[in-house]
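Naming: A, B, ... by sequence-line order, numbering from 1 per chain. No experiment lies behind these values; they were computed from the predicted model shown.
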Amino acid sequence: MFNLRAEIENREWVPWRSFRIATWLGWQIESNWTDPFLFAVYSIVKPLASALILVVMYGVITNGDFTSPLFPYIYLGNAFYMYVGAVMTGVSWSVIDDREHYKTLKYIYTAPVDYMAYLIGRGVARVLTGSFSVLITIGCGVAFLRVPIHVAAIDVPLFGVTLVIGILLLALLGVLLAGLTLVLAHHAGYLGESVAGALYLFSGAIFPLDILPAWLQPIGFLMPITYWLELLRRALIGSVAEAFPTLAGFSNAHLLLILLALTLVFGVVSVLVFRLCDQRARALGLIDQVTNH
Amino acid sequence: MPILPPLEKDTGWRLFLRTVIGRAYPRVVGMQRERSWLFFEVMLPTLAVAAYVFVYRAMRAPEEYVGFVVVGGAMTAFWLNVLWAMSSQLYWEKEQGNLALYIIAPNSLMAILLGMAVGGLYATTLRAAGVILLGSWLFQVQYAVTSLPALLAVFALAMTALYGMGMMLSSVFLLLSREAWHLSNLAQEPIYLLSGFYFPIKHFNFWIAASASIIPLTLGLDAMRQLVFPSGATLGFLSVPVEIVILSILCVVFLVAAQGLLGYMERLAIREGRLTESRR
């Protein structure tokens, strides 16, 4: 039960308190708009439909040959990519939600809240709902489409470490987009989805990067999500990664190192951009602007 | 003090027409004033189209499937417009505080919805045309139009039925209040799947394809594919004339249903007086 008086008298470290309460708030916003049954249907149908589009496309072209390594490559890449939409887009969307829908952003700014910690906290609920979608999608893939994941063969430590780094990376990218959303006059509502759409193309999520024209491939190699998805696939089904030459020359340790380095770079850039945009939004009085997205 | 002549007010069909033009105006003129849509609504959807094109190429699919993706990807703009700028529009208007003004104004709500549809259709046609032009150029899509009049008829009927459906759903979504946002969100990927935006629906079971045909874009897209791609006719779900007849029926059904539901919603607004309340 939420206790307002206890929260007011709380002497917790501000970023932690902001994060904790935003996590609770985010979960309420994500889940309390309907009854649990409809919420469950909503959480299952949308991700499954998105996966089934690719499954049908694949089935039509290959006449239902789901044994090729390309199928699990596409299926798993698409499943884990749901985190990008959920976390990165979700964090940046919080700005629009608070500013223009609930019209509470100005109060959050005037309260003793660490806004960046608050945004990351709002992302936690998205991680939970996103994880549910990913689990359902992969579960259906294993059960009905013979995606060859065997529990005993999963590299659990690699999977766990990669997943955590990736989610942190996505939250930081979300913070970057949230900063830009604060200062954009037009199309801020499209920003998260647009960037997610672009990354879908360049990160090898649903096709190996070799398929891209040679001049576009370097963009994919600069994106940390490319390495994140590759590591997740390797952790779950090593044989999938071996079937495609794109990153075959790199060991898991190499890929993890690249992912860590790129996460660090993107993380620092995200925090700096957010701080800059935050200051500019305060200076120009944009905190409570309404863009009528 | 000069006495001003009494203001001449439009009534009847003149008022209806002025309302349609007035509501369409911001959607048409807005695009001319804010050119950044060219990037956000043409370039970025093309990236999503490109992702599906490369998936097909990774699968070594026949080249006409690339064309299916380009046309289907462009048509998603219409579905998104109907969902977010038609079906959810009265809900947005309520959130912004305009709905009460719409209801008390002397004009017809049907004219307001029609204006939104006309403006939205114009703006979205430009966006979709942009995606088709850019996608066709990037991926060298080959078209072979077999009958231009049939193609234009299919497009016009599909759009009339689709925007009629949007007008009908706007009343339904308004009554659903804050669940409207989530329902619009939910109605994206499942419709892309069932309506065959990226593959011919002929590959579905007959009854699934027939059920999906309630969405006008399903048959619209199927007929357009048959009319513009060399191998389209072999991949069609039904013949083009049959699809034209069904689309014509859908036009009438959705427009009549839109008027009926709008009337119900207006009566509810008067009786219960809670349509303009904002529950977040």
Side-chain angles (χ1 to χ4, degrees), chain A residues 29 33-34 38-39 41-43 45-62 68 70-71 73-74 78 97 100-104 185-187 189-191 193-213 216 244 290 292-293, chain B residues 30 33-37 39-41 43-62 65 68-69 72 84 92 95-96 98 138 176-183 185-194 196-204 235 278-280:
Chain A
I29 291 173
W33 58 274
T34 186
L38 191 58
F39 179 65
V41 170
Y42 176 80
S43 308
V45 169
K46 197 173 158 64
L48 271 187
S50 134
L52 281 175
I53 291 172
L54 291 165
V55 171
V56 175
M57 285 168 69
Y58 183 87
V60 164
I61 300 304
T62 63
S68 159
L70 183 62
F71 179 66
Y73 182 100
I74 294 172
N78 181 66
D97 224 10
E100 310 198 17
H101 183 205
Y102 299 109
K103 299 190 168 54
T104 50
H186 300 286
H187 304 295
Y190 291 105
L191 192 63
E193 283 188 16
S194 305
V195 174
L199 288 174
Y200 197 53
L201 175 63
F202 293 117
S203 62
I206 51 172
F207 54 86
L209 280 184
D210 306 307
I211 300 293
L212 279 177
L216 284 176
F244 302 99
V290 176
N292 283 338
H293 65 90
Chain B
R33 292 191 181 157
E34 178 52 63
R35 298 285 165 85
S36 54
W37 67 267
F39 177 75
F40 282 92
E41 294 172 29
M43 284 293 290
L44 295 173
T46 305
L47 291 181
V49 166
Y52 284 110
V53 168
F54 287 121
V55 173
Y56 269 138
R57 291 207 166 146
M59 296 172 194
R60 296 191 173 83
Y65 280 80
F68 294 172
V69 167
W84 294 102
W92 299 131
E95 294 274 303
Q96 306 296 335
N98 291 334
L138 283 174
L176 290 169
S177 194
R178 65 182 179 158
E179 290 179 10
W181 193 90
H182 290 91
L183 286 172
N185 214 10
L186 182 62
Q188 287 181 199
E189 287 83 356
I191 299 301
Y192 294 167
L193 170 68
L194 290 172
F197 277 75
Y198 301 111
F199 48 81
I201 53 159
K202 193 184 182 181
H203 295 292
F204 280 142
L235 295 167
S278 190
R279 290 169 60 201
R280 296 187 168 106

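Residue B/Phe197: no heavy atom, backbone or side chain, is found under 4.5 Å from chain A. Both the backbone and the side chain of B/Leu47 have a heavy atom closer than 4.5 Å to some heavy atom of chain A. Within the 4.5 angstrom heavy-atom criterion, no atom of A/Tyr73 approaches chain B.
Of the inter-residue distances, the one linking A/Leu52 atom CG with B/Tyr192 atom OH reads 16.0 Å to the nearest 0.5 angstrom. To the nearest 0.5 Å, atoms CD1 (A/Ile211) and CE (B/Met59) are separated by 10.5 Å. A/Ile53 contributes atom CD1, which lies 6.5 Å from atom CZ of B/Phe199 (distance to the nearest 0.5 angstrom).
Across all non-hydrogen atoms, the minimal contact from B/Glu189 to A/Ala49 is C-CB, 3.8 Å. Contact detail for B/Pro62 and A/Ile61: the closest heavy-atom pair is CD-CD1, 4.1 Å. A/Leu70 and B/Ala58 make their closest contact through CD2-O, 3.6 Å (heavy atoms, listed as atom of the first residue, atom of the second, distance).
Crowding of A/Glu193 atom CD: a count of heavy atoms from other residues, nucleotides or ligands under 6.0 Å not exceeding 12.
Looking only at side-chain heavy atoms (C-beta outward), B/Tyr52 and A/Leu54 come within less than 4.5 Å of each other. Here the side chains of B/Phe204 and A/Val56 are in contact, with some heavy-atom distance below 4.5 Å. When side chains are defined from C-beta on, B/Phe54 does not count as touching A/Pro208, because their heavy atoms never get closer than 4.5 Å.
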Exercise for the section: Take A/Val60 and B/Tyr65 through the side-chain contact (heavy atoms from CB on, under 4.5 Å) test and state the conclusion after the steps. Expected result: CA-CA 10 Å; A/Val60 164; B/Tyr65 280 80; 3.6 Å; yes
Exercise for the section: Given side-chain contact (heavy atoms from CB on, under 4.5 Å), test B/Arg57 with A/Phe207 step by step and report yes or no. Expected result: CA-CA 9 Å; B/Arg57 291 207 166 146; A/Phe207 54 86; over 6 Å; no
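The candidate with the highest count of non-hydrogen atom pairs below 4.5 Å against chain B, out of A/Pro47, A/Ser50, A/Ser68, is A/Ser50.
Side chain of A/Lys46 to backbone of B/Asn185: a donor-acceptor contact under 3.5 angstrom is found.
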